[in-house]
Amino acid sequence: MNKNSNLQSYPRQQSYLKMLIAACFGTFLEWYDFLTFGALAVTFGPLFFPSNDPSSSLLASLATFGVGMIVRPIGAAFFGSMGDRIGRKPVFMITISIMGIATLLVGFLPTYAQIGILAPILLVSLRILQGFSAGGEIGGGAIFLAEHAGEKNRGFKTSFLQLMGPFGILASTLQITLLQGWLSAEEFQAWGWRIPFFVSFLLLLLALYFRRTLEETPVFQELQTSSPKTEGQLLNNFKDPEILKKMFLLFFCVSGGGAVLFFCSQVYLPIFLKTTVKLPVELVDQLSVLSTLFLVTTIIFAGWLSDRIGRKPVVTIGLILGAALILPAFWLMQKIGLHTPITRVDILSISSIMLGLSFILGLLGGPQAAMLAELFPAKSRNSAATLPHNMAAGWVGGMLPFIIAWLNQKLGGSEGGLWYPATYLLLAAVIALIYLPESIKYDLND
């Protein structure tokens, strides 16, 4: 009996749609929890890092956001190896629980004015827990769904998981916008910012309810049948030249390029519009919602397109466009912000730029989940994919807002730091053109 017939012999009691909903709901919670902090970075500055210099306060807040991203690879190494050893499903339950509890505790934190230096220490500690759990979740979810998706239209089917980042941003942004509309600025600064973290606990209970119904992937079931003593493959991955090469390409080009574009267009851009362009906070949040909704359609389109023309062309085009347009986009938005007062034409121009950046990000996001699974053999897939993916998100993307803000401060402007993401995307595009393999025809059972 061949592998495919063995895999088909396992009972498939749940449709792929049910698998998708259960997996995506938990991943949505991970992103909601993780990005709510980013959306509140400006608020957290004076609450936990008070300073006479607003720029220094913001830098400290962004650095705390980055700390959570830096520890993601540690979580990826730990949970990725665990996923190869005990299965994809158990890891899901552990990671979602850690993230939900850590986020809830942020909502209870006293501020610097109440307990002094202990406040930022506790905040950083909870960010570390968030990053640790996200390292096992983000990437692992892509493996789980890809192994359930089958061979046909895998890019389209798995692209829906990539929507959880935009939906997480959308939910946190909408919630914060509503709160800021209902509450006065003083009320929001005093206690209103805590509400999104309390809401996350209710989402955690729902996520646990949905995830308990998940079935283990047929690919991992087959691995257990052929080799009951499955083990972590993390160290073996570094001894295999072919796997190591693909890990680097995933890290630098696919996940790294996507992380740069994601944090530029979805995390740093709203901060840039509020602090440098000095648009009203409510307007920036509304424009962010619009661009995020557009990103959703772009991701699905890019996933579908990658099933037709291949993963590599879609990803490479996204990298090239990002390298060429990221600097002009921010430069033009800053110039528009000099107009006084801001006109409807100015707002339309800024929103068009934001939609363009969302389109470019979608080109990398759509095929990404499928590529995470397709590039690596089944027995080492979880660890081989999640580690470089989270290294890219944590080290390249997570620190991006801080690095840009720091470079801007050192260079005495608001655009100099953007040479960093532009240069990175250019290098990633060149390397992808030359070395990135086409993965669409890879057999996930091998």
Side-chain angles (χ1 to χ4, degrees), residues 23-24 26-27 30-31 34-35 66 68-84 88 91-92 95 99 130-147 154-155 158-159 161-165 168 232-234 237-238 243-263 266 299 303 306 311-312 315 318-319 361 364-378 380-400 424 428 431-432 436-437 439 442 444:
C24 284
T27 302
E30 294 274 5
W31 278 110
F34 209 67
L35 294 170
M69 301 299 294
I70 288 175
V71 300
R72 273 180 58 170
I74 301 174
F78 179 80
F79 290 116
S81 182
M82 184 184 293
D84 286 335
R88 319 317 192 200
V91 171
F92 269 7
T95 55
M99 174 65 84
Q130 284 185 321
F132 184 72
S133 66
E137 169 71 29
I138 301 170
I143 303 299
F144 182 88
L145 283 181
E147 290 184 347
R154 187 187 297 135
T158 57
S159 68
L161 183 69
Q162 300 300 99
L163 303 183
M164 296 307 104
Q233 295 290 324
L234 183 61
N237 294 337
F238 289 93
I243 291 179
L244 191 58
K245 173 186 173 183
K246 290 180 179 178
M247 288 175 68
F248 171 76
L249 292 171
L250 175 64
F251 162 75
F252 197 84
C253 300
V254 182
S255 299
V260 166
L261 285 168
F262 178 83
F263 282 93
Q266 300 295 305
I299 287 174
S306 74
R311 320 287 189 223
K312 179 176 179 175
V315 168
L319 290 171
L361 171 60
L364 271 81
Q368 188 178 90
M371 293 187 74
L372 284 172
E374 292 168 348
L375 287 173
F376 305 103
S380 59
R381 180 171 296 140
N382 216 62
S383 55
T386 56
L387 179 59
H389 180 66
N390 283 280
M391 285 174 64
W395 297 353
V396 177
M399 291 304 295
L400 186 76
Y424 184 100
I431 293 173
L436 186 66
S439 64
Y442 287 5
L444 295 190

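These values consider heavy atoms only, across backbone and side chains, with no hydrogens, waters or symmetry-generated copies.
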Query raised in the report: Atom CZ of Phe248 and atom CG of Leu436: how far apart are they, to the nearest 0.5 Å?
Result: 11.0 Å
Query - For Tyr424, side chain to side chain contact (heavy atoms under 4.5 Å, CB included) partners two or more places apart - result: Phe252, Val260, Val396, Ala428
**Report entry** Straight-line distance of Met82 CE to Ser383 OG, nearest 0.5 Å
**Finding:** 12.5 Å
Query - Pairwise distance CG(Leu145) to OG1(Thr158) - rounded to 0.5 angstrom - result: 7.5 Å
Report task. Evaluate the side-chain proximity of Val254 to Arg311: yes if any heavy-atom separation is below 4.5 Å, no if none is. Result -> no
Report summary line: Heavy-atom closest pair (Ser255 atom, Leu372 atom, distance to 0.1 Å) is OG-CD2, 4.3 Å
Query raised in the report: Taking the side chain from Lys246 and the backbone from Phe376, do they hold a donor-acceptor pair closer than 3.5 Å?
Result: no
Query raised in the report: Considering all heavy atoms of both residues, which atom of Asn390 and which atom of Ala134 are nearest to each other, and what is their separation?
Result: OD1-O, 3.7 Å
**Report entry** Interatomic distance, Gln162 atom CD to Leu364 atom CG [nearest 0.5 angstrom]
**Finding:** 10.0 Å
Requested in this report: Identify the two heavy atoms, one from Gly155 and one from Ser306, that lie closest to each other, and give their separation to 0.1 Å.
Outcome: CA-OG, 4.0 Å
Requested in this report: Compare every heavy atom of Leu387 with every heavy atom of Pro73, then report the nearest pair and how far apart it is.
Outcome: O-CD1, 3.5 Å
Query raised in the report: What closest approach, in Å, do Ala373 and Arg381 show between heavy atoms, and which atom pair accounts for it?
Result: O-NE, 2.8 Å
Requested in this report: Supply the atom-to-atom distance Met371 CE to His389 NE2, rounded to the nearest 0.5 angstrom.
Outcome: 12.0 Å
Report summary line: Closest non-hydrogen contact found for Leu249 with Pro437 is CD1-CD, 3.8 Å
Report task. Drop me the distance from Arg154's CZ to Ser159's OG, to the nearest 0.5 angstrom. Result -> 13.0 Å
